[in-house]
Amino acid sequence: MPELPEVEVICQGLRPHLTNRIITAISCSGKSLRYPVPHAAMNDILCGQTIRTVRRRAKYLLIATEDDTLAIIHLGMTGNLGIFPHSAPVKVHDHVRWLLDNGLELRLNDTRRFGAVWLLPPEQARDRENGFFGNTGPEPFGRLCTPAHFMTLAQRRKQPVKSFLMDSRVVAGIGNIYANEILMAAGIHPLRQACALEEDNWQRIITLTRQILTRAIACGGSTISDFINASGESGYFQVNFTVYGRKGQPCHQCGSPIEKIQIGGRASYFCPGCQKG
DNA sequence: CAAGTTACCTGACGGC
DNA sequence: TGCCGTCAGGTAACTT
């Protein structure tokens, strides 16, 4: 589920439901996610507070309350957030629930429990770019995401460009699917060394990253309207995949069969005809 | 320091 | 039908 576009879609879908609502109760499954869920702290601090903003940074969802406390939610591999009536049956992997003052509930469902929830006090929340996100790279859409930025970080990096693009310290939010798709669009082989790319390669990668992520967000956006009953559908950008999951199928550009290899332990797809070194 | 590997956890799927 | 191995959109702690 959760790639940058999906987190953005979830963020946009939740915003109107959460903004200016009061959190009235917190329930947890008791199971730990990647880290223990701060159940007691959420009870003590969040209950009774009004939600002010709902934003995204990298693949994290940021929910700020009236006193500037910040709840940060990461969805891991299988996490999902949805708005449900309080009376709706609780599902197996619903681990965190925030009851709101209108009878609806925010629910975090996460089968594999690779997700996480943090609660930052106001001071840490304000300083999050130096603290919590101190090692997180720029947003792909931000003005700090430039060819110069990539070239500086890539100087001594001989690792495959695909792994480099997926490194959250380099640039935020690019996961396995989009790294594959971006490199295909750019015509760059995923195993090419990061330090070997030149300025125009990076410019192309940046432009295509923005284009692909924007399109993916637009595709996912169509499902957010029925968030209340369905728990966030996954959108339909997958019909636009050019390489991901297409092992052996013909490339839409040149007809070569798409190849699948392992890079850094992750499934990596590329077109041997279109993506050169 | 860079880069590769493993661990975390559950469920779906294919082969036998 | 059932058992087993493999794989999965992420991150971070390890090891080399």
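Values below: every heavy atom of this structure, side chains too, minus hydrogens, waters and symmetry copies. Each chain gets a letter, A, B and so on, in the order the sequences are listed, and its residues count up from 1.
Look at CZ on A:R113: it is 13 Å from C1' on B:dG11, rounded to the nearest Å. With rounding to whole Å, A:I263 atom CD1 is found 13 Å from C:dG9 atom P. For A:R169 and B:dC1, the CZ to P distance is 11 Å, given to the nearest whole Å. Protein atom NZ of A:K31 is 16 Å distant from nucleotide atom P of B:dC8, rounded to whole Å. Taking atom NZ of A:K260 as the reference point, atom C1' of C:dT6 lies 10 Å away to the nearest angstrom. At whole-Å resolution of the value, NZ in A:K247 and P in C:dT6 are 14 Å apart. Put simply, NZ on A:K162 is 15 Å from P on B:dA3, counting in whole angstrom units. Put simply, CG on A:D110 is 13 Å from P on C:dG10, counting in whole angstrom units.
Among the heavy atoms of the strands, none lies under 4.0 Å from A:F164. Within 4.0 Å (heavy atoms only), A:G76 reaches sugar-phosphate atoms of the nucleic acid but no base atom. The residue A:R266 sits close to a base: some heavy atom pair falls under 4.0 Å. At the heavy-atom level, A:Y178 lies nowhere under 4.0 Å from the strands shown. A:A267 comes within 4.0 angstrom of the backbone, heavy atoms only, and of no base.
Nucleotides B:dC1 and C:dT11, compared at atom P, are 23 Å apart to the nearest Å. Atom name C1', nucleotides B:dA3 and C:dG9: the rounded distance is 23 Å, in whole Å. B:dC9 sits 23 Å from C:dC3 when the P atoms are compared, rounded to a whole Å.
In this structure, the nucleotide among B:dC9, C:dA12, B:dG4 sitting nearest to the side chain of A:R112 is B:dC9. Ranking C:dG9, C:dA12, B:dG4 by closeness to the A:N176 side chain, first place goes to C:dG9. Relative to the side chain of A:E3, the nucleotides C:dT11, B:dG4, C:dG10 differ in distance, and C:dG10 lies closest. Comparing C:dA8, C:dG10, B:dG11 by their nearest atom to the side chain of A:K59 picks out C:dG10.
Remark: ring of A:F114 does not overlap the six-membered base ring of C:dT11 in a stacked fashion, as centroids less than 5.5 Å apart with planes less than 30° apart are not both met.
Taking side-chain N and O atoms only, A:H74 has no distance below 4.0 Å to OP1 or OP2 of C:dG10. Taking only side-chain nitrogens and oxygens, A:K158 never comes nearer than 4.0 Å to OP1 or OP2 of B:dG4. Contact check, A:H93 against B:dG11: a side-chain N or O comes under 4.0 Å of OP1 or OP2. Side-chain N/O atoms of A:R157 include one lying less than 4.0 angstrom from OP1 or OP2 on B:dA3.
Side-chain atoms of A:D94 come within 3.5 Å of backbone atoms of A:K91 as a donor-acceptor pair (strictly under, hydrogens ignored). Side chain of A:E259 to backbone of A:Y269: no donor-acceptor contact under 3.5 angstrom is found. A donor-acceptor contact shorter than 3.5 Å is absent between the side chain of A:R192 and the backbone of A:H189. Under the 3.5 Å distance criterion, the side-chain polar atoms of A:Q49 are matched with a main-chain donor or acceptor of A:D67.
If you take CZ on A:R57 and NZ on A:K59, they are separated by 12.5 Å, rounding to the nearest 0.5 Å.
Nucleotide C:dT16: paired with B:dA2 (Watson-Crick or G-U wobble, both distances less than 3.5 Å). Nucleotide B:dC9 forms a pair with no other nucleotide shown, judged by Watson-Crick or G-U wobble geometry with both contacts under 3.5 Å.
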Determine, stepwise, if the pair A:D101 / A:T24 fulfils side-chain hydrogen bond (donor to acceptor under 3.5 Å, both in side chains).
CA-CA 6 Å; A:D101 61 344; A:T24 58; over 6 Å; no

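Of the residues near DNA chain B, A:L153 and A:G265, the one whose nearest nucleotide (by heavy atom distance) lies more toward the 5' end is A:L153.
Because its NZ or CZ atom is not both nearer than 6.0 Å to the ring centre of A:F241 and within 45° of the ring axis, A:R246 does not count as a cation-pi partner of that residue.
One cannot find a donor-acceptor pair under 3.5 Å joining the base of B:dG4 and the side-chain atoms of A:Q159.
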